[in-house]
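Have a look at the structure below, then the notes.
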2 protein chains.
Amino acid sequence: MDAETPVRRRRTRIQTEKRELILDAALDVFSQHGFRGATIDQIAEAAGMSKPNLLYYFRSKEAMFTTLIERLLQTWLAPLRELDDIGDPIGELRSYIRRKLEMARDYPRESRLFANEILQGAPRIQHLIEGELKPLVDEKAALIKGWMKAGKIARTDPWHLIFSIWATTQHYADFDIQVRTVLGPDRGGDGRFEDAARYLEQLFLEGLRPKG
Amino acid sequence: MDAETPVRRRRTRIQTEKRELILDAALDVFSQHGFRGATIDQIAEAAGMSKPNLLYYFRSKEAMFTTLIERLLQTWLAPLRELDDIGDPIGELRSYIRRKLEMARDYPRESRLFANEILQGAPRIQHLIEGELKPLVDEKAALIKGWMKAGKIARTDPWHLIFSIWATTQHYADFDIQVRTVLGPDRGGDGRFEDAARYLEQLFLEGLRPKG
DNA sequence: CGCATTTTTGACCGATTGGACAAACGTTAG
DNA sequence: CTAACGTTTGTCCAATCGGTCAAAAATGCG
């Protein structure tokens, strides 16, 4: 039944707490070194416990990873789920971009872990991309297409529009080192996310052609 | 003197050929599994030779990787180097975006290898980012800033503009699996790069706000 | 308290890893 | 032919890996 915990029936308070502790440490290590680059010993040390103790709460390294990434995907897709037909389309897209950028700022580990998995060809989550992500994107693409037909936003490809929002926002988490290095000590500080937010808003709404 | 080959003075024709063969195989394996995920045995098999034979041409796994990524960075930055003040600014940016997208299409292995390294915090190429990439970006950012002052393109942040071009184009190499899965069998075929090119041109030039 | 259950750990194991090394093989110039 | 040099490989090694296991420690419970 339960493939992750050694306990069949019910989950102890300690088990719940320790599992969360381990998952947090595992997120640290996995996001920094990838699945193969991470070792159970590293995760154990980050969690402040012994290796066999980790394997008491998770049956394998793989189990930690899948538990982590399945949970992660949900929070990662939440902003897209909230995209709906209530407000005005431009405002909806603007706040979606803003929320995705905030997630890149506040949850860079999650973004990197996801990026790492996709980079390697998504060997462990391909079924989730097909079964969850694709249907959601198709649904939202249809919504966006409706906005285009109604003349609310410019006509273009909704799928690639979503890709470009993902790419530009997650770039600030996944390529953080490069961004900060290129921006330098002064411009690469905490303010870089506000700069990015301002820039992206202009890019997506106005483009680069001069107004004159 | 030469830290990579076993031969001090000169490089044989066989050495030159075999080193290229190995580097190509190494690019395959490294780009798919990352540095730690790749094994010398995998590279050896991909190159059709034995493991000790590999280590005759490259003193270590690390030597293969650094040789590969240092060379790669040059070709990867070439399109940005070509950005200059000759043509009109809009056309320059448009062709830069097109060339970067073509590179994502034609050299996905290089893109993924680079992305993988940056994701892990660029432990092996940080000096290149500081010493080569940053100065180049600063130089081109100044060029773009001149275009803005001259009213040739809209005023915005040149650094983040460059980031967004990198992010959107490389996304089609690095997140290829996700892109193809989400687009589905029909739209995710070979035509996806033309669709992306059309979309990105509109995004960067016009943005999403309707013209009416 | 005493007993059962849960939690923790030291010791250990087989497999895989990057790499060393010497011997064998191939090639070429004298 | 043969000596010298470049190339290739079988074998081996220490380190590290994910994971097991039995026993000890802690905890909960009557």
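Sequence lines set the chain letters: A, B, ... in the order given, protein chains first and strands last, and positions in each chain run from 1.
Residue B/Ala38 is classed as a sugar-phosphate contact, given heavy-atom separations below 4.0 Å to backbone atoms only.
Between A/Gln42 atom CD and D/dT16 atom C1' there is a gap of 11 Å when expressed in whole angstrom units. One interatomic measurement links the two molecules: CD of A/Gln15 to C1' of C/dT8, which rounds to 13 Å at whole-angstrom precision. The separation between B/Met49 atom CE and D/dT7 atom P is 10 Å, rounded to whole Å. Rounding to whole angstrom units, CG of residue B/Leu54 and P of C/dA20 are separated by 13 Å. Going from atom CZ of A/Phe65 over to atom P of D/dC17 covers 18 Å, rounded to whole Å. Taking atom CZ on B/Arg36 and atom P on C/dT16, their separation rounds to 16 Å, with Å as the unit. Per the geometry, CG belonging to A/Asn53 stands 17 Å off P belonging to D/dC21, to the nearest Å. Taking atom OH of A/Tyr56 as the reference point, atom P of D/dT27 lies 13 Å away to the nearest angstrom.
Of the candidates D/dG18, D/dT8, C/dT8, the closest approach to any side-chain atom of A/Thr39 belongs to D/dG18. Residue B/Lys51 has its side chain nearest to C/dG18 when only D/dG19, C/dT8, C/dG18 are considered. Here the side chain of A/Pro52 is nearest to one of D/dT20, C/dT17, C/dT7, namely D/dT20. Checking C/dG18, D/dT8, D/dG19 against every side-chain atom of B/Ile40, the shortest atom distance belongs to C/dG18. Distance from the side chain of B/Ser60 is smallest for C/dG19 among the nucleotides D/dG18, C/dG19, C/dG18. Relative to the side chain of A/Tyr57, the nucleotides C/dT7, D/dT8, C/dA11 differ in distance, and C/dT7 lies closest. When the nucleotides D/dT8, C/dT9, C/dG19 are ranked by their closest atom to the side chain of B/Leu55, C/dG19 comes out on top.
Residue-environment remark: OH (A/Tyr107) stays at or below the threshold of 12 foreign heavy atoms within 6.0 Å. For B/Asp190, the CG atom is loosely surrounded, since the number of other residues' heavy atoms within 6.0 Å does not exceed 12.
With hydrogens and angles ignored, no donor-acceptor pair under 3.5 angstrom links the side chain of B/Lys61 to the base of C/dG19.
Listed for the A/Glu117 side chain is a donor-acceptor partner under 3.5 Å among the backbone atoms of A/Arg124.
Under the 4.5 Å side-chain criterion, counting only non-hydrogen atoms from C-beta, B/Glu201 is not in contact with B/Ile97.
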For this session: Please assess A/Leu208 against B/Arg94 for the test side-chain contact (heavy atoms from CB on, under 4.5 Å), listing each intermediate value before the final yes or no.
Result: CA-CA 10 Å; A/Leu208 297 176; B/Arg94 181 158 40 192; over 6 Å; no
